[in-house]
Number of protein chains: 2
Amino acid sequence: MSDLAAALDVVGARWALLVVERLLDGPQRYGDLQRDLGVPTNMLATRLRELEAAGVLTRLPLRHNTRAYALTDRGLALREAIVALARWGAEQA
Amino acid sequence: MSDLAAALDVVGARWALLVVERLLDGPQRYGDLQRDLGVPTNMLATRLRELEAAGVLTRLPLRHNTRAYALTDRGLALREAIVALARWGAEQA
DNA sequence: GGGCGACACTTGCAAAATGCAAGTGCAACG
DNA sequence: CGTTGCACTTGCATTTTGCAAGTGTCGCCC
């Protein structure tokens with residue numbers, strides 16, 4: 001499997017890169033991600049589980065039953081790729 | 001819609017970026033893409049149609065009933081993003 | 001000129017991913 | 001002790017993906 005295929009195995013699923021992009025601005029809570037991205041709640045829960053298992057993000061416990069999601073170093077390392085893709089997307093206008 | 005979401009609308013589907021990556025080495029024929037990538041034939045046909053419609057690649061007619069697929073300038077502009085993603089994928093080893 | 005193989009697909013259907021809407025559990029607040 | 005906010009889960013419809021087999025066209029060979 002190529003390096004690109006390996007990357008897509010982790011962040012190639014729908015919404016995955018958008019979630020990571022949102023977290024580049026700092027830790028976010030579940031409800032914030034949901035509202036900002038417009039992602040279906042079950043998909044968001046699934047992606048967060050997968051991305052956590054892949055070591056891309058971690059859960060930060062906050063008060064009582066709330067938590068925030070934050071990128072790990074591996075997640076932060078996606079910044080370059082995300083910026084490059086977003087720049088390409090911007091050129092389509 | 002964010003720039004990243006716009007990009008993913010075009011190249012976010014399964015196999016799309018892998019097809020583009022393969023074409024970065026130069027024009028390829030249908031059968032070559034199929035064998036090299038291991039992509040199901042109906043998916044390949046669908047992706048090639050979509051990527052052509054999006055202006056990412058074009059068909060080059062060859063002899064009789066054969067053709068090759070080549071990246072347009074817009075397709076070539078994906079090189080940076082693909083390299084960045086592949087590099088990230090390689091770091092997972 | 002009829003059969004054969006290569007090439008580029010299409011078609012039919014099963015399996016998996018995605019999306020929508022409603023429901024669950026739990027802690028704090030009043 | 002009922003209500004509210006948050007973080008999910010669950011059930012089911014829709015869409016996407018995948019597998020396998022079939023179609024059409026052209027050139028080649030006998």
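Letters go in sequence order (proteins before strands), and every chain restarts at 1.
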Which parts of residues 29-53 of chain B get close to DNA chain C, meaning a heavy atom less than 4.0 angstrom away?
B:Arg29, B:Tyr30, B:Gly31, B:Thr41, B:Asn42, B:Ala45, B:Arg49
Minimum heavy-atom separation for B:Arg67 to B:Pro61, with atom names?
CB-CA, 4.1 Å
Value rounded to 0.5 Å, distance of CG in B:Leu51 from CZ in B:Arg74:
10.5 Å
By side chain to side chain contact (heavy atoms under 4.5 Å, CB included), A:Ala6 pairs with (sequence neighbours left out) A:Met1
If we ignore angles and hydrogens, is there a donor and acceptor under 3.5 Å between the side chains of A:Tyr30 and A:Thr66?
no
Begin with the C-alpha distance, continue with both residues' side-chain angles, and end with the deciding distance and a verdict on side-chain contact (heavy atoms from CB on, under 4.5 Å) for A:Tyr69 and A:Arg29.
CA-CA 6 Å; A:Tyr69 292 90; A:Arg29 286 177 309 160; over 6 Å; no
Shortest non-hydrogen contact from B:Gln34 to B:Leu44?
N-CD2, 3.8 Å
Check nucleotides 23-30 of chain C against the protein and report each pair of N or O atoms closer than 3.5 Å, with its distance, or say if there are none.
residue: C:dC26; atom: O2; partner: A:Asn65; partner atom: ND2; Å: 3.2

How would you give the extent of chain B contacts on DNA chain D, as first and last nucleotide 5' to 3' within a 4.0 Å heavy-atom cut-off?
D:dT17 to D:dG27
Under 4.0 Å, counting only non-hydrogen atoms across every strand here, what does B:Arg63 touch: a base, just sugar-phosphate, or nothing?
nothing
At under 4.0 Å, does any side-chain N or O of B:Tyr69 touch on OP1 or OP2 of C:dC9?
yes
May I ask you to say whether B:Arg49 pairs ionically with B:Glu52, meaning some side-chain N is under 4.0 Å from a carboxylate O?
no
Between B:Leu33 and B:Leu48, does the side-chain contact (heavy atoms from CB on, under 4.5 Å) criterion hold? Intermediate values first, please.
CA-CA 10 Å; B:Leu33 289 170; B:Leu48 289 173; 4.2 Å; yes
Working to the nearest 0.5 angstrom, can you tell me the gap between A:Leu85 CG and B:Leu78 CG?
7.0 Å
Output a table of donor-acceptor pairs, distance under 3.5 Å, between side-chain atoms of residues 11-27 of chain B and any protein atom two or more places apart or on a different chain; print 'none' if there are none.
residue: B:Arg22; atom: NE; partner: B:Asp36; partner atom: OD2; Å: 3.0
residue: B:Arg22; atom: NH1; partner: B:Asp25; partner atom: OD2; Å: 3.4
residue: B:Arg22; atom: NH2; partner: B:Asp36; partner atom: OD2; Å: 3.0

Using modelled atom types only, decide if a donor and an acceptor are shared between the side chain of A:Trp88 and the backbone of A:Val83 within a distance under 3.5 Å.
no
Given C:dA16, is OP1 or OP2 found less than 4.0 Å from the side-chain N or O atoms of B:Arg14?
no
Once rounded to the nearest 0.5 Å, what's the spacing between atom CD of B:Glu80 and atom CD of A:Glu80?
8.5 Å
Report yes if a side-chain nitrogen or oxygen of A:Trp15 is closer than 4.0 Å to either non-bridging phosphate oxygen (OP1 or OP2) of C:dG19; otherwise report no.
yes
Enter the inter-axis angle for the ends of the helix from C:dG1-D:dC30 to C:dG30-D:dC1 (five pairs per end, rounded to 10°).
10°
I need the minimum non-hydrogen distance between A:Ala54 and A:Val10, along with the two atoms involved.
CB-CG1, 3.7 Å
